[in-house]
Amino acid sequence: MKADFENIHFCYQSLDLGDFVVDVCEKGERLIFPDKEKIEPAPGFIYFPLEGSIAISHAESELTIGNAIELMPIGLMERYCPQVDFEYKCMTPVEMVKISWQDFDEIFYQNAEYMQVLSKILIFMTIFSLELHSERKQLTSYQTIKPMLYRYLYRAKTFPNESEGLANFIIRRTKLSRTHVFRVLADLKEGGYISVKNGKLISINKILPEDY
C-alpha cells in the first residue's frame with residue numbers, strides 16, 4: 001500500500017478508537033462551530049472534533065499546515081508546549097466536545113486501554129505531520145502541486161461541504177505564487193489531465209505527468 005494521505009487516513013479510520021468517546025461526551029460539553037469560524041481553545045480545556053473539517057495554521061502566518069484528524073485532541077499541544085501558537089479554522093460546520101484538563105487526565109491517564117488509544121491518535125498525528133512535510137519539500141514546484149491534487153480530491157469526497165477552491169487550497173498550504181499555481185492547473189486542464197468546475201477539482205482523468 002502506498003503511504004499517501006488517503007491510505008494513511010484509511011488506516012487511521014480502521015483503528016478501534018470509538019469506546020472512549022462516550023466517556024468524553026459524558027464529561028464534556030458539546031459545541032457547534034459554523035463554517036469559517038475560528039476555534040480558540042480556552043486555557044485549561046481540550047477539544048475533540050467529532051464531525052467536520054478543521055484547518056490548522058501558525059498564528060503568525062496565513063500558511064495552512066494541514067487539517068485536524070478525527071478525534072485529534074486540540075489544545076493538548078498548547079498545554080504541554082505553551083510556546084506554540086496555532087490557529088484552527090472550520091472549513092465546514094464542526095461538532096466538538098470540550099473537556100477540562102482534569103477530566104482529560106482522569107479518562108486517559110488512569111485507564112491503560114484509553115492510554116493506548118491516545119497513543120495511537122498521537123502517533124498518527126505525527127505520521128500525518130511527517131507525510132505533509134515530505135509532500136511539501138519536493139525538488140520542484142510541480143512535484144509539490146502533484147500530490148496535493150490527489151489530497152484535494154480525497155478531501156472533497158470526505159468533506160463534500162468544504163467550499164475551498166483548488167488553487168486556494170494549494171496556495172494556502174505552500175509558498176508557491178498564485179500565478180504559477182494557476183498556470184500549472186490551466187496546463188493540466190488543457191491537457192485533459194484534470195477536470196475543474198467553478199474552481200473545484202472534479203476529477204483526475206489520467207495519470208499525471210512526472211514532470212512539468
With salt bridge (charged side-chain N to carboxylate O under 4.0 Å, His left out) as the rule and sequence neighbours excluded, what pairs involving residues 160-169 come up? Arg155-Glu162, Glu164-Arg172, Glu164-Arg173
Nearest heavy-atom pair of Ile8 and Glu131: which atoms, and what distance? CD1-CG, 3.8 Å
Please collect all salt bridge (charged side-chain N to carboxylate O under 4.0 Å, His left out) contacts where either partner lies in residues 202-212, sequence neighbours excluded, each pair once. Lys146-Glu210
Going by the rule ring pair (Phe, Tyr, Trp, His ring centres under 6.0 Å), which residues pair with Phe128 if we only count those two or more places apart in sequence or in a different chain? Phe5
Using modelled atom types only, decide if a donor and an acceptor are shared between the side chain of Ser203 and the backbone of Asn205 within a distance under 3.5 Å. no
Mind checking whether His9 and Tyr154 have parallel, tilted or perpendicular rings, split at 30° and 60°? perpendicular
Hits for side chain to side chain donor-acceptor pair (under 3.5 Å) against Ser57, two or more places apart or cross-chain, chain-then-number order -> none
Return the set of residues passing side chain to side chain donor-acceptor pair (under 3.5 Å) with Glu37 (not counting sequence neighbours), or none when no residue passes. none
Report yes or no: do Ile145 and Ile202 belong to one cluster of Ile/Leu/Val/Met/Phe/Trp/Tyr joined by side chain heavy-atom distances under 4.5 Å? no
Using side-chain heavy atoms (C-beta onward) and a distance below 4.5 Å, is Leu166 in contact with Lys200? no
Identify whether Phe159 and Leu50 are in the same connected component of the hydrophobic contact network (ILVMFWY, side-chain heavy atoms under 4.5 Å). no
Taken in chain and number order and not counting sequence neighbours, the residues that satisfy side chain to side chain donor-acceptor pair (under 3.5 Å) with Glu29 are none
Would you confirm whether Tyr47, through its side chain, and Ala42, through its main-chain N or O, come within 3.5 Å as a donor-acceptor pair? yes
Contacts of Phe45 that satisfy ring pair (Phe, Tyr, Trp, His ring centres under 6.0 Å) - sequence neighbours left out: none
Looking only at heavy atoms, the pair that brings Ile107 and Ile99 closest together is CD1-CD1, 4.4 Å
Using the test side chain to side chain donor-acceptor pair (under 3.5 Å), find all partners of Asp35 that sit at least two apart in sequence or belong to another chain. none
Are Leu71 and Val22 connected in a single hydrophobic cluster, I mean Ile/Leu/Val/Met/Phe/Trp/Tyr linked by side-chain heavy atoms less than 4.5 Å apart? no
Test item: side-chain donor near acceptor, Lys89 and Thr64, under 3.5 Å: no
Would you list the pairs meeting side-chain hydrogen bond (donor to acceptor under 3.5 Å, both in side chains) in which at least one residue belongs to residues 110-124, sequence neighbours left out? Asp23-Tyr114
Should we count NZ of Lys38 as having more than 12 external heavy atoms under 6.0 Å? no
Of all pairs that satisfy ring-ring contact (aromatic ring centres under 6.0 Å, His included), the ones with a partner from residues 69-89, not counting sequence neighbours: His58-Phe86
Who pairs with Tyr150 by ring pair (Phe, Tyr, Trp, His ring centres under 6.0 Å), at least two apart in sequence or on another chain? none
Residues Lys27, Ser100; criterion side chain to side chain donor-acceptor pair (under 3.5 Å); working and verdict: CA-CA 9 Å; Lys27 292 274 189 178; Ser100 67; over 6 Å; no
What pairs meet the ring-ring contact (aromatic ring centres under 6.0 Å, His included) rule with one or both residues in residues 21-43, with sequence neighbours excluded? none
